[in-house]
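Nothing fancy with the numbering, it's 1 onward along the sequence. Note that the structure is predicted; figures quoted are calculated from it, not measured.
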Amino acid sequence: MMINVQVEDFMVKDVISARSNATIKEVTAMFVEKKIGGVPIVDEFGVLRGIVTDGDILRAISPVNRRIHDYFSLITYVAEEKIENRLDELADREIIRIAKTHGVVTVHPEDDMKKVVSLLSKHHFKKLPVVNASNHVVGVISRGDVIRSIQEAIINEM
């Protein structure tokens, strides 16, 4: 099963991505409009700079406990922010500031689908960016794409 099946056979080639300087507000709107949960972040040349997911955005806007310490009287004041205030504060921040930019796991078009299965299951990712030798994003591959390749392999064996 999945013998000689490569990433390029199942990857989505029409990649929805965001530029490094896009704002959190713009990327959030893109997620809603396109009904997606993550995008690769690319520079003006299409080179992968990071990846951001809906989970990254949720973690960024999650209210934080801000602590003010008065060391003379040892009094701690905790002010919990409202989520609306966090949204206002972060809406125009560049997406690259909350994106994962180091250790981004990628695959190449000529990689075997077995590698994708291994990476998706090991890291619990929903999708992986597909990059060429120059680190340009040429596709994405998701769990659904893997299931489709498995299903096609099973049908072809029948």
Side-chain angles (χ1 to χ4, degrees), residues 1-64 81 83 85-158:
M1 185 165 43
M2 293 199 305
I3 296 171
N4 299 324
V5 179
Q6 294 182 321
V7 169
E8 65 188 338
D9 298 325
F10 289 93
M11 70 183 193
V12 173
K13 295 175 180 122
D14 188 16
V15 181
I16 299 169
S17 61
R19 294 284 288 275
S20 304
N21 61 352
T23 65
I24 291 174
K25 179 173 43 179
E26 292 168 337
V27 173
T28 303
M30 181 191 310
F31 283 5
V32 172
E33 178 189 334
K34 303 289 186 183
K35 296 181 176 138
I36 56 175
V39 292
I41 306 297
V42 297
D43 65 15
E44 63 272 17
F45 305 108
V47 174
L48 182 66
R49 295 293 174 219
I51 192 160
V52 70
T53 67
D54 47 10
D56 297 322
I57 292 174
L58 288 175
R59 282 185 289 282
I61 64 172
S62 175
V64 264
E81 286 185 295
I83 197 162
N85 295 345
R86 285 292 288 167
L87 282 169
D88 287 343
E89 180 183 312
L90 295 173
D92 294 322
R93 185 174 286 182
E94 288 184 350
I95 196 68
I96 198 70
R97 295 189 55 197
I98 67 163
K100 178 178 174 70
T101 57
H102 299 293
V104 176
V105 178
T106 62
V107 292
H108 298 280
E110 63 278 1
D111 285 343
D112 192 282
M113 285 297 287
K114 290 177 188 172
K115 179 177 182 179
V116 175
V117 171
S118 175
L119 290 171
L120 289 174
S121 62
K122 178 181 177 185
H123 298 287
H124 304 284
F125 295 144
K126 293 180 182 174
K127 65 176 68 177
L128 295 169
V130 182
V131 296
N132 64 15
S134 306
N135 211 35
H136 287 84
V137 176
V138 295
V140 292
I141 190 140
S142 69
R143 291 177 186 174
D145 301 322
V146 171
I147 296 300
R148 188 166 45 97
S149 78
I150 291 169
Q151 189 260 344
E152 283 191 18
I154 291 169
I155 287 174
N156 289 340
E157 286 184 7
M158 293 179 139

**Student:** Less than 4.5 Å apart, any side-chain heavy atom of Glu110 and any of Val7?
**Tutor:**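 Heavy-atom side-chain distance check fails, nothing below 4.5 Å.
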**Student:** Begin from the C-alpha positions of Met30 and Ile16 and carry the test side-chain contact (heavy atoms from CB on, under 4.5 Å) through to its verdict.
**Tutor:** CA-CA 9 Å; Met30 181 191 310; Ile16 299 169; 3.5 Å; yes
**Student:** Could you pull out the closest heavy-atom pair between Val5 and Phe10, with the gap in Å?
**Tutor:** CG1-CE1, 3.3 Å
**Student:** Can you check whether Phe125's main-chain N or O pairs, donor with acceptor, with Arg143's side chain at less than 3.5 Å?
**Tutor:** yes
**Student:** Is any side-chain heavy atom of Val12 closer than 4.5 Å to one of Asp145?
**Tutor:**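 The answer is yes; the side chains approach within 4.5 Å.
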**Student:** Enter the distance from Ile57:CD1 to Phe31:CZ here, rounded to the nearest 0.5 Å.
**Tutor:**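 Interatomic distance, Ile57 CD1 to Phe31 CZ, rounded to 0.5 Å: 4.5 Å.
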**Student:** Using 0.5 Å steps for rounding, measure from the NZ atom of Lys126 to the CG atom of Asp54.
**Tutor:** 5.5 Å
**Student:** Among Thr28, Ile95, Ile24, which residue meets the side chain to side chain contact (heavy atoms under 4.5 Å, CB included) test with Val52?
**Tutor:**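 Only one option passes, and that is Ile95.
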**Student:** Test your reading of the model: is there a side-chain donor-acceptor pair from Ser134 to the backbone of His136, 3.5 Å cut-off?
**Tutor:**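 No; zero donor-acceptor contacts below 3.5 Å.
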**Student:** Which pair of heavy atoms, one from Glu8 and one from Lys13, lies closest together, and at what distance?
**Tutor:** O-NZ, 3.4 Å
**Student:** Give a yes or no on whether the backbone of Val130 and the side-chain of His108 come within a donor-acceptor separation of less than 3.5 Å.
**Tutor:**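 No; judged by distance alone, with no hydrogens or angles, the pair does not exist.
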**Student:** Less than 4.0 Å between a side-chain N and a carboxylate O, is that true for Lys115 and Asp112?
**Tutor:**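 Result for this pair is no, no salt bridge flagged.
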**Student:** Leu119 versus Val107: any side-chain heavy-atom pair under 4.5 Å?
**Tutor:** yes
**Student:** Using every non-hydrogen atom in the two residues, find where Val131 and Leu48 come nearest and quote the distance to one decimal.
**Tutor:**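 In terms of heavy atoms, the two residues are closest at CG1-CD2, 4.0 Å.
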**Student:** Rounded to the nearest 0.5 Å, what separates atom OG1 in Thr106 from atom CD1 in Ile51?
**Tutor:** 10.0 Å
**Student:** Taking the side chain from Glu26 and the backbone from Thr23, do they hold a donor-acceptor pair closer than 3.5 Å?
**Tutor:** yes
**Student:** For Val138 and Val15, work out which heavy atoms get closest and say how close.
**Tutor:** C-CG2, 4.0 Å
**Student:** Return the CD to CE distance between Gln6 and Met113, rounded to the nearest 0.5 Å.
**Tutor:** 10.5 Å
**Student:** Report yes if the side chains of Ile96 and Asn21 come closer than 4.5 Å at any heavy-atom pair, otherwise no.
**Tutor:**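 The answer is no; the side chains never approach within 4.5 Å.
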**Student:** To check you understand the geometry: which heavy-atom pair defines the closest contact between Val140 and Pro129, and what is its length?
**Tutor:** CG1-CA, 4.2 Å
**Student:** Can you name the closest pair of heavy atoms from Val42 and Ser17 and give their distance?
**Tutor:** CG2-OG, 3.7 Å
**Student:** What residues form a salt bridge (Lys or Arg N to Asp or Glu O under 4.0 Å) with Asp92, not counting sequence neighbours?
**Tutor:**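 Listed in chain order: Lys25.
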**Student:** For the pair Ser118 (side chain) and Lys114 (backbone), establish whether a donor and an acceptor sit closer than 3.5 Å, ignoring hydrogens and angles.
**Tutor:**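 Pair absent, no side-chain N/O of Ser118 close to backbone of Lys114.
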**Student:** Can you measure from CG (Leu90) to CD1 (Ile98) and round to the nearest 0.5 angstrom?
**Tutor:** 7.5 Å
**Student:** Atom CD1 in Ile36, atom NZ in Lys127: separation rounded to 0.5 Å?
**Tutor:**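 The distance works out to 5.5 Å.
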**Student:** Got a sec: does the CZ of Arg97 have more than 12 other heavy atoms crowding it under 6.0 Å?
**Tutor:**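 At most 12 heavy atoms, drawn from other residues, nucleotides or ligands, come within 6.0 Å of this atom.
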